[in-house]
Amino acid sequence: MISVEEALEKVLSYVEVLEPERKPILDCLGQVLAEDVYSAIDIPPLDNSAMDGYALRAEDTHGASESSPRYLVVVGEVAAGSMPTKEVRPGTAIRIMTGAPLPEGADAVVRFEDTDEVNRKSSRGDLSQIGILCQAKKGLNVRGRGEDIAKGNLILKKGKVLRPQEIGVLASLGRSTALVIRRPIVAILATGDELIGVDQPLAPGKIYDSNTYTIAAEVSRYGGIPKILGIGRDSVQSLTEKIDEGLDADMLITSGGVSKGDYDIVKDVLAEHGEVGFWTVCMKPGKPLAFGVIKKVEGGRKGKVPHLGLPGNPVSSMITFEQFARPAILKMMGKKILAKPAIRAIIEDDVVNTDGRRLFARVSVTKRGGQYHASVTGPQGSGILTSMAKANGLAVIPENSKGAKAGDMVDVQMLDWGEEQGEVKTLPIVSIVGKSRSGKTVLMEQLIAEFKRRGYKVAALKHSRGRMEIDHPGKDSWRFAQAGSDAVFVSSPGKLAFIKNMDHALNIEEIMPIVGPEFDLVLVEGFRKSKTPKIEVHRKELGDDLLCSPEELSAIVTDGSLDTDIAQLPWGDTVTIADFIEKNFVLKSQGNAVLAPVKEEG
């Protein structure tokens, strides 16, 4: 049995980035740019007005106000798309529309709202002059030439995934086409005599073929082009014919026929047509998996088509697609971010893991009070496809874990979040624990100073056993709280305090959403019962026993030597301790995808 990571590495080794193609920009959405794009023009091409108003000389408005207007002679009008024919001279103005080129001599635009034009029109007054009701500075409401894009600049880099905004930028440059990595064509074949098409009457002993449609929809969702081959029956001839139909694709995905209990004919035909391995992966559902290449001959030349064989059970098929086929398709499209975005959530149900495999539990994720919560979507059988329909996430229970209890924190892959939302780091949290007088507070001080010296943004969290009083009776913050405010913020130059009365002691998971994601590292003093990585400060003079059990600790800072396999760091050597934290927690925290919104409950 191989790990999920080993299986993914093997699958990805069989696929390569596809060649580029040039196509209309509207057809390029979601594809990867295969060339650097430089601008041949300035955008905007000329200084122009950002507002409807009057183009004028700023110095002519000196001292202007509603009570003391400055009157200018209106010498013309210029609309967007036309060029001005007159110049703004001292004491004059030109009526101008948004986007129209700025007339020569003008250096500011005053909005209609800041003139007396409305009053003049309503009273049928003289429009040959205009009253300016505010003082303008040079550049007011003026967009400068090349303000957005300067001629000759690199605008979009090769490797950029094209979103609607990049499509718009290409259009603004006058480009109707773009060179992008082409979309892979993925052939899809379901196998099994028990399957029938969705447009046929349901006969006894038969089931509708749902996998073809699920897989085809997922291929489309992640940017591929599905090619549906239909159903391969349990015969050499049928399977061979169907496989041959898919050899012009960039990848072949089959479902069914890879488990130990399946008819060997499916495995035999797949193996005969190429180099296909049949593996058991340490995951549930989805243990059986096949991958390799199918051989083909095209135009007298031999070639290979990557093949991925998924289990036949619909949930197993979907989850293995997400873990293996999806990253392969993204790689072929030239994308770099292959991992699904993941969050930490409080699981609201007990999840049992009985056989030492990585378990992917279907969950519904919501957000309450700044914290993600995940609830299991019902029975978790590999044939219950509605468990996926109700889910927006997969709770990942590690292999060799017996499961998770309600209230535990778990990792959740978010099914509906896009990989291309960018990359973020997972905020690393390290608890410094130890007995009283062990020196953990001193170590916290030293580590904060060391990480600041290294350029990191550090937050510190202190666990206090006693009641904390920071808003004293009589102070404004105390009075606000007494009046019933649920939370009080106190802001002063350079500082912000947040005070909230709680009905229970918060754990780290509840505190972190308040701390926010802006920091590179959170150092915690205490919270030894939390599940965050812990480093214990040990002093020989306080005895050889430890405050935490060995399996809870990532390292021990000690002034002696202990009989343990846990990493031991020298007490007083702040640089070495900081190096350990930086290597094992800070640097490893990079690489998850940016988080997108989840429905927040009231």
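Residue numbers count from 1 along this sequence. Just so you know, these numbers use all the heavy atoms, side chains as well, and skip hydrogens, waters and symmetry mates.
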Within a strict 4.5 Å, meaning less than it, do heavy atoms of the E445 and T574 side chains meet?
no

Tell me if a side-chain donor or acceptor on D544 pairs with a main-chain N or O of L562 at a distance below 3.5 Å.
no

If we check ring pair (Phe, Tyr, Trp, His ring centres under 6.0 Å) with F451, which of these qualifies: F585, Y456, F519?
Y456

Could you check whether any side-chain heavy atom of L308 comes within less than 4.5 Å of a side-chain heavy atom of F324, counting everything from C-beta outward?
yes

If only atom types and distance count, is the side chain of K340 paired as donor or acceptor with the main-chain N or O of L415 below 3.5 Å?
yes

Residues L569 and A555: closest non-hydrogen pair is CD1-CB, 4.0 Å

Rounded distance (nearest 0.5 Å) linking atom CD1 of I181 with atom SG of C28:
11.0 Å

Other residues, nucleotides, ligands: >12 heavy atoms within 6.0 Å of K402 NZ
no

Are R454 and D579 close enough, and set up right, to give a side chain to side chain contact (heavy atoms under 4.5 Å, CB included), and what steps lead you there?
CA-CA 11 Å; R454 299 184 186 195; D579 286 343; 2.8 Å; yes

Within the 3.5 Å criterion, strictly below it, is a donor on E322 or Y222 matched to an acceptor on the partner's side chain?
yes

Side-chain contact test, heavy atoms from C-beta onward, threshold under 4.5 Å: evaluate it for S316 versus L310 and give yes or no.
no

Just to verify, what does E348 make a salt bridge (Lys or Arg N to Asp or Glu O under 4.0 Å) with, not counting sequence neighbours?
R368

In Å, rounded to the nearest 0.5 Å, how long is the span from CD of E5 to CD of E9?
10.0 Å

T377 and S364 have their tightest heavy-atom pair at CG2-N, 3.8 Å

For the pair K287 (side chain) and P311 (backbone), establish whether a donor and an acceptor sit closer than 3.5 Å, ignoring hydrogens and angles.
no

V410 to A395 - nearest heavy-atom pair and separation
CG2-CB, 4.3 Å

Intermediate values then yes/no, salt bridge (Lys or Arg N to Asp or Glu O under 4.0 Å), R539 and D559:
CA-CA 6 Å; R539 302 296 297 274; D559 58 358; 3.0 Å; yes

When rounded to the nearest 0.5 angstrom, what is the spacing between CZ in F291 and CE in M251?
10.5 Å

Can you name the closest pair of heavy atoms from D520 and V586 and give their distance?
O-CG1, 4.2 Å

Whether over 12 other heavy atoms sit under 6.0 Å from K331 NZ:
yes

Are the side chains of M388 and L394 in contact, using a 4.5 Å heavy-atom criterion?
yes

Flag the pair L162 / Q31 as yes when at least one side-chain heavy-atom distance between them is below 4.5 Å, and no otherwise.
no

Flag the pair V315 / S387 as yes when at least one side-chain heavy-atom distance between them is below 4.5 Å, and no otherwise.
yes

Test side chain to side chain contact (heavy atoms under 4.5 Å, CB included) applied to T214 and S317, step by step:
CA-CA 9 Å; T214 304; S317 177; over 6 Å; no

Would you find a donor on one side and an acceptor on the other, under 3.5 Å apart, between the side chain of T558 and the backbone of G560?
yes

Between S13 and K10, is there a donor-acceptor pair closer than 3.5 Å when you use the side chain of the first and the backbone of the second?
yes

To the nearest 0.5 Å, atom CG of L385 lies from atom NZ of K390 at 11.0 Å

Side chains of M283 and V396: closer than 4.5 Å at any heavy-atom pair?
no

How many angstroms lie between CD in E582 and CD1 in I577, if you round to the nearest 0.5 Å?
13.5 Å

Quick one: does any side-chain atom of K534 pair with a main-chain N or O of F527 as donor and acceptor, under 3.5 Å?
no

Tightest non-hydrogen contact, residues S438 and V537, listed as O-CG1, 3.2 Å

Given 3.5 Å as the limit, does a donor-acceptor pair link the side chain of Q323 with the main chain of T320, or not?
no

Please walk me through it: do I253 and F321 pass side chain to side chain contact (heavy atoms under 4.5 Å, CB included)?
CA-CA 9 Å; I253 295 179; F321 183 99; 3.8 Å; yes

Looking at N353 and S401, would you say the former's side chain and the latter's main chain have a donor-acceptor pair under 3.5 Å?
yes

Does atom CG (D565) have a neighbourhood of more than 12 heavy atoms from anything else shown, all under 6.0 Å?
no

I would like to know whether K452 and V458 meet side chain to side chain contact (heavy atoms under 4.5 Å, CB included); could you show each step before the answer?
CA-CA 7 Å; K452 291 298 291 181; V458 182; 4.2 Å; yes

Between R362 (side chain) and Q380 (backbone), is there a donor-acceptor pair under 3.5 Å?
yes

Would you find a donor on one side and an acceptor on the other, under 3.5 Å apart, between the side chain of H538 and the backbone of G543?
yes

Is any NZ, NE, NH1 or NH2 atom of the basic residue among D545 and K435 found under 4.0 Å from an Asp or Glu carboxylate oxygen of the other?
yes

CD1-CG distance between I535 and L447, expressed to the nearest 0.5 angstrom:
7.5 Å

Side chain to side chain, I346 and M409, heavy atoms closer than 4.5 Å
yes

Under a 4.0 Å N-O cut-off, is there an ion pair linking E275 with K304?
yes

Check this for me: does any side-chain nitrogen of one of E218 and R221 sit under 4.0 Å from a carboxylate oxygen of the other?
no

Looking only at heavy atoms, what is the nearest atom pair of I397 and G403, with distance?
CG2-CA, 3.8 Å

